[in-house]
Each structure stands twice: as C-alpha cells, then as structure tokens.
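Below is one structure, written out as structure tokens; comments come after it.
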Amino acid sequence: MTKISLGKGINMGLRAAMESDPKVVIMGEDIGKLGGVFRVTEGLQKDFGEDRVIDTPLAESGIIGTAVGLALRGYRPVCEIQFDGFVFPAYDQIINQVAKMHYRSMGKIRMPVVIRIPFGGGIGAVEHHSESPETLFAHVAGLKVVACGDPVDAYWMIQQAIASDDPVVFFEPKRRYHEKAELDESVPPAYPLHQAKVVREGTDVTLFCYGPMVKTCVQAAEAAVEDGRSLEVVDLRTISPLDLRTIFASVKKTRRAVVVHEAPFTLGPGSEIAARVTEECFYHLEAPVLRVAGYDTPYPPSRMEEEYLPDLDRVLDGVDRVMGY
C-alpha cells in the first residue's frame, strides 16, 4: 500500500500507460521540463524523452489538431490543457474533429485521444483559471466525459481513458490535487471507466456528485448524521455517458435526490439527471430532484468564489429542502 495524492495518482497512471504502450505520447504547455504548473507530469520527460513528453507552443488549437494527426497515425496522444479556461481556443478542433471523426468515417477511423483538463475552483486563481465547462463537452455526441474524485480513481481512470478507443475529456479537480489516499497497485480497478460508485451508503437522500464535490458531499453526509439523517453519496465518475443503472437504483432506495456540481445551475449535468430520474423513477420519488450548483454568472473573482461554489451548508440546505416535501 502506498499513500498518494490525486495529482501523484495521475502521474503514476500516465507513467504506467506509457510503459505498457510505446504509442502513448503526452503533449502540453510546460509539461516537460517544468512538469506542468501543478507538477502532475513531473519526471516523465526525463524518463521517456522529449519525443514522448512534448512541450508544445502556447496554442491549444494546435495541441488538439496535432493530436488528431497523431491518432490517425496510430498513436494515443494525451493532451494537457493547462487550465480549464484555456480550452476554448481548442473547442473547434475537439467538437469538429475529435468528436466526429469516428462517425464521419463510418467507424473506420478511431480517435483514442485523451484531453486532460484541471477544472473547478477553490484555489484562489485569476480570471480564466477556474471554470467548470464540463457540460459543454457532455452535450457533444462522440465524446466521453469523465471526472476523477479521489487518488485511487485518478490512478486507474487515466489508464482506462488512455486505453479507450474513444476520445475522452478527462476532468481533474485541481483543488483536490493534494488530497491523499492509500493505493494498492496490485489490486485491479474496482470499476470500469464509465460506472458510478456508491461512496457512502445511506437511506434518506442520495447526493449525486463528481470531481471536487465528492469530498464536499461526504462531509455533508457526515454532518447530517447529527440531525439523524442518512445520506447516500454517489460519485458519478462519468458525466457522459451517465451510469443510469446506478443512479436509478440509489433513487429507488432513498426516494429523494440532490445533485451537486460546480457547473452553472441552468442546463448543468444536474438538469439531465433530474429529468432522467423523473422519467424512470417517478413513482418512487417522495420529492422532486433538487440541484445545488454554481450560479448562472461568469466565474467570479477569487475573493468571491466562496460565495459562488457549493459548500457543506448549501448541500445541507438542499437536503433540508428535499426532506421538507
């Protein structure tokens, strides 16, 4: 057993993928000598060389466009977008090339491209450095969208994403990079890439969450015990495709649900979950599905982000409201 941080888990997962497949290459701004601004790729260029760990120009569209060409030639490129707010210049390439190439070629061409994006708030960063754009990608047919929530998942999920023949947008909760957990590399992954997991069992309300909100929801569940409430916490892990089987099973047990995410409230992932649960679990529900989310505003200056981000109190308020029906 080794105690690792979430960031170290991704680093180790990248290393394992590169060792097992010489076609895996990593690209991004300052990821080589510097090891990335969060040091997630630290040591990889030293060990694998500049041909496989490539410091790119500051040109996100160029990074993704190059990855498309590499994928066409049989490589498995892993692209790092330095911060979430920097991905938008590459949106054209991701939507029009990465997501559509397999469909456009009637299945003859694969796009095994992984796009790593540190996302979310909580680090006091400046403008364009704290965003939650996951819904923009989850809406696009042809893309898989995942978010790791703990170090063990970080280690396994990045390897599973790289091994996938489908393009994967891989969101990493930047404020959780230093959270630690025990990892046993000899034990195979407990879940496939696109399966949700029940982090904490409960009977009264299900909290659905992913990425940075997993820890927040677990803390809320622990605090709710004092009020005599049993909250189930489900880490979605994948935003697209949703693991509806696990979602429905939990709702049918608890009969109440609150979806928690940092993405804006309107048309966020919680909207789709609420709609699907209402369609499939209507006669099991004791209350409407509620959402606790970021606000429908541009991400605020860092001094105001505590007012913007869902926290323990807002999650528990959502629980109070859903229990009030």
Side-chain angles (χ1 to χ4, degrees), residues 4-18 24 26-31 34-44 53 60 63-64 67 77-88 90 94 113-125 128-138 143-164 167-181 183 189 191 193-194 197 209-216 235-240 261-263 269 294 299 309:
I4 62 166
S5 66
L6 189 147
K8 182 64 174 177
I10 297 171
N11 178 283
M12 293 170 62
L14 290 170
R15 179 179 294 277
M18 296 185 77
V24 176
I26 301 177
M27 317 159 54
E29 299 162 4
D30 299 319
I31 68 163
L34 181 65
V37 293
F38 296 104
R39 303 300 186 267
V40 171
T41 54
E42 191 169 34
L44 296 181
V53 182
E60 286 77 15
I63 294 170
I64 303 302
V78 182
C79 306
E80 177 181 300
I81 303 298
Q82 197 169 72
F83 282 91
D84 35 34
F86 298 177
V87 73
F88 302 113
I94 295 170
V113 178
V114 175
I115 301 166
R116 295 180 43 240
I117 306 177
F119 83 123
I123 65 169
H128 305 310
H129 290 66
S130 295
E131 306 281 348
S132 293
E134 55 268 29
T135 309
L136 298 177
F137 298 96
L143 294 178
K144 303 293 179 67
V145 182
V146 306
C148 56
D150 63 65
V152 176
D153 268 355
Y155 173 74
W156 288 115
M157 287 174 69
I158 190 64
Q159 294 180 68
Q160 293 167 328
I162 293 169
S164 172
V168 178
V169 182
F170 193 95
F171 282 102
E172 304 166 7
K174 66 171 81 78
R175 67 161 142 162
R176 306 298 186 202
Y177 271 140
H178 300 294
E179 303 285 343
K180 293 187 176 181
L183 169 70
Y191 300 89
L193 181 60
H194 301 304
K197 68 175 179 180
C209 53
Y210 57 86
M213 286 291 100
V214 175
K215 181 178 180 179
T216 302
D235 179 358
L236 297 171
R237 300 174 77 244
T238 291
I239 304 160
S240 180
H261 55 68
E262 292 187 13
Y299 196 91
L309 294 171

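The structure presented is a predicted model; accordingly, all values stated were derived computationally and were not measured.
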Of all heavy-atom pairs between [X] and [Y], which one has the smallest distance, and what is that distance?
X: V40; Y: G7; answer: CG1-O, 4.0 Å
X: G211; Y: P173; answer: C-CB, 4.0 Å
X: A17; Y: V24; answer: O-CG2, 3.8 Å
X: R175; Y: P212; answer: NE-CB, 4.0 Å
X: M27; Y: I31; answer: C-CD1, 3.4 Å
X: Y155; Y: G13; answer: CD1-N, 3.6 Å

To the nearest 0.5 Å, how far apart are [atom1] in [X] and [atom2] in [Y]?
X: I94; Y: I64; atom1: CD1; atom2: CD1; result: 4.5 Å
X: E131; Y: F88; atom1: CD; atom2: CZ; result: 5.5 Å
X: M12; Y: L183; atom1: CE; atom2: CG; result: 5.0 Å
X: Y299; Y: E262; atom1: OH; atom2: CD; result: 6.5 Å
X: F137; Y: I115; atom1: CZ; atom2: CD1; result: 7.0 Å
X: N11; Y: S5; atom1: CG; atom2: OG; result: 8.5 Å

Indicate yes or no for a side-chain donor-acceptor contact from [X] to the backbone of [Y] under 3.5 Å, with no hydrogens or angles considered.
X: K144; Y: T238; answer: no
X: D84; Y: G120; answer: yes
X: T41; Y: G35; answer: yes

M18 pairs by side-chain contact (heavy atoms from CB on, under 4.5 Å) with which of V78, I162, I26?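 Answer after filtering V78, I162, I26: I26.
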Just to verify, which of V214, D150, L6 counts as forming a side-chain contact (heavy atoms from CB on, under 4.5 Å) with R176?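 With R176 as partner, side-chain contact (heavy atoms from CB on, under 4.5 Å) holds for just one option, L6.
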Is the shortest heavy-atom distance from the side chain of [X] to the side chain of [Y] under 4.5 Å?
X: L143; Y: S240; answer: no
X: I239; Y: H261; answer: no
X: M157; Y: L193; answer: yes

With side chain to side chain contact (heavy atoms under 4.5 Å, CB included) as the criterion, how do F171 and Y210 come out once you've worked through the C-alpha distance, each side chain's angles and the decisive distance to 0.1 Å? CA-CA 10 Å; F171 282 102; Y210 57 86; over 6 Å; no
Residues in side chain to side chain contact (heavy atoms under 4.5 Å, CB included) with R39, at least two apart?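 R39 satisfies side chain to side chain contact (heavy atoms under 4.5 Å, CB included) with L34, E42 only.
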How would you list, by chain and number, every residue that makes a side chain to side chain contact (heavy atoms under 4.5 Å, CB included) with E60, sequence neighbours excluded?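 E60: side chain to side chain contact (heavy atoms under 4.5 Å, CB included) contacts with E29, I81, F86, P89, A90.
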Stepwise side chain to side chain contact (heavy atoms under 4.5 Å, CB included) test for C148 and F170: CA-CA 8 Å; C148 56; F170 193 95; 3.9 Å; yes
Side chain to side chain donor-acceptor pair (under 3.5 Å) partners for E80, two or more places apart: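 For E80 the side chain to side chain donor-acceptor pair (under 3.5 Å) partners, ignoring immediate neighbours, are R116.
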In sequence, state the C-alpha distance, the side-chain angles, and the governing distance for V169 and V87, and then conclude on side chain to side chain contact (heavy atoms under 4.5 Å, CB included). CA-CA 11 Å; V169 182; V87 73; over 6 Å; no
